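Taking it in order: structure first as structure tokens, then the write-up.
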Amino acid sequence: MQYLVNVIDSRSNSGTAEEAVAIDAFNDKLRAGGHWVFAAGLADPAVSTIIDGRGDEPLFTDGPFVEAKEWAAGFWIIDAPDLDVALKLMSEGSRACNRRLEVRPLLGG
């Protein structure tokens, strides 16, 4: 089963050097355990573009999609046999990146 893990933050590019070292070590642990799929940071929501292609012509709007105090500042996609394992792993991820995380199962596939 694969899970999307959103890193929740209220600031962009807010990671410290110490957090980067801890995240790298955690990512190495995910790789060694066969749980790693992909991870990345995300640019500030202010530089996003919303696309609505439901009409005759696509509509492009400067982001963000919603005004919020917090947003997804990065993410992991992990493999885990079940939700309990994903939650246990990502409790360590939360500690490593010093942020709250949202864990969501990916559908299909």
Side-chain angles (χ1 to χ4, degrees):
M1 181 101 199
Q2 291 188 332
Y3 296 87
L4 169 68
V5 181
N6 285 311
V7 178
I8 302 166
D9 203 345
S10 61
R11 304 156 295 152
S12 294
N13 298 316
S14 63
T16 66
E18 294 82 13
E19 291 166 346
V21 169
I23 292 166
D24 286 344
F26 177 69
N27 288 342
D28 289 343
K29 179 178 180 174
L30 289 175
R31 286 182 188 98
H35 302 290
W36 174 268
V37 176
F38 186 79
L42 296 170
D44 189 279
V47 299
S48 65
T49 302
I50 309 306
I51 303 168
D52 186 348
R54 296 175 292 176
D56 292 336
E57 294 291 324
L59 177 64
F60 299 89
T61 308
D62 291 340
F65 170 65
V66 294
E67 296 292 331
K69 293 181 180 183
E70 296 179 310
W71 54 82
F75 65 94
W76 278 279
I77 297 177
I78 63 166
D79 271 321
D82 58 45
L83 181 60
D84 289 338
V85 172
L87 294 176
K88 183 175 184 208
L89 284 167
M90 296 320 295
S91 65
E92 295 178 45
S94 175
R95 189 174 304 111
C97 71
N98 195 31
R99 298 197 178 35
R100 294 182 310 131
L101 302 178
E102 175 195 35
V103 178
R104 296 174 65 181
L106 294 178
L107 302 177

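Quick caveat, the model's predicted, so the values are computed rather than measured.
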Do the non-hydrogen side-chain atoms of [X] and [Y] ever get within less than 4.5 Å of each other?
X	Y	value
Glu19	Thr16	yes
Glu102	Val5	no
Ser10	Lys69	no
Val21	Ile23	no
Val103	Met90	yes
Phe75	Leu42	yes

Examine [X] and [Y] and state if one hydrophobic cluster contains both, with Ile, Leu, Val, Met, Phe, Trp and Tyr joined whenever side-chain heavy atoms are less than 4.5 Å apart.
X	Y	result
Leu106	Ile78	no
Met1	Leu83	yes
Phe38	Tyr3	no
Leu30	Leu87	yes

Using a 3.5 Å cut-off and no angle test, enumerate the donor-acceptor pairs between side-chain atoms of residues 45-56 and protein atoms at least two apart in sequence or in another chain.
unit_1	atom_1	unit_2	atom_2	d
Ser48	OG	Pro45	O	2.7
Asp52	OD1	Arg54	N	3.1
Asp52	OD1	Arg54	NE	2.8
Asp52	OD2	Arg54	NE	3.4
Asp52	OD2	Arg54	NH2	2.7

Worksheet item: In Å and rounded to the nearest 0.5 Å, what is the CZ to CD distance from Arg11 to Glu70?
Response: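 Separation between the atoms: 10.0 Å.
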
Worksheet item: Rounded to the nearest 0.5 Å, what separation is found between the CD1 atom of Ile8 and the CZ atom of Arg99?
Response: 11.5 Å

Where do [X] and [Y] come nearest, in terms of heavy atoms and distance?
X	Y	result
Ala39	Trp36	CB-CH2, 3.5 Å
Val37	Asp79	CG2-OD2, 3.5 Å
His35	Pro81	CE1-CD, 4.5 Å
Leu101	Ser94	CD1-N, 3.3 Å

Discussion item. Please determine whether the number of non-hydrogen atoms from other residues, nucleotides or ligands lying under 6.0 Å from atom CZ of Arg31 exceeds 12.
Written reply: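 More than 12 heavy atoms, drawn from other residues, nucleotides or ligands, come within 6.0 Å of this atom.
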
Worksheet item: Can you say whether the rings of Trp76 and Phe26 are parallel (under 30°), tilted (30 to 60°) or perpendicular (over 60°)?
Response: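 The rings of Trp76 and Phe26 stand perpendicular, inter-plane angle above 60°.
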
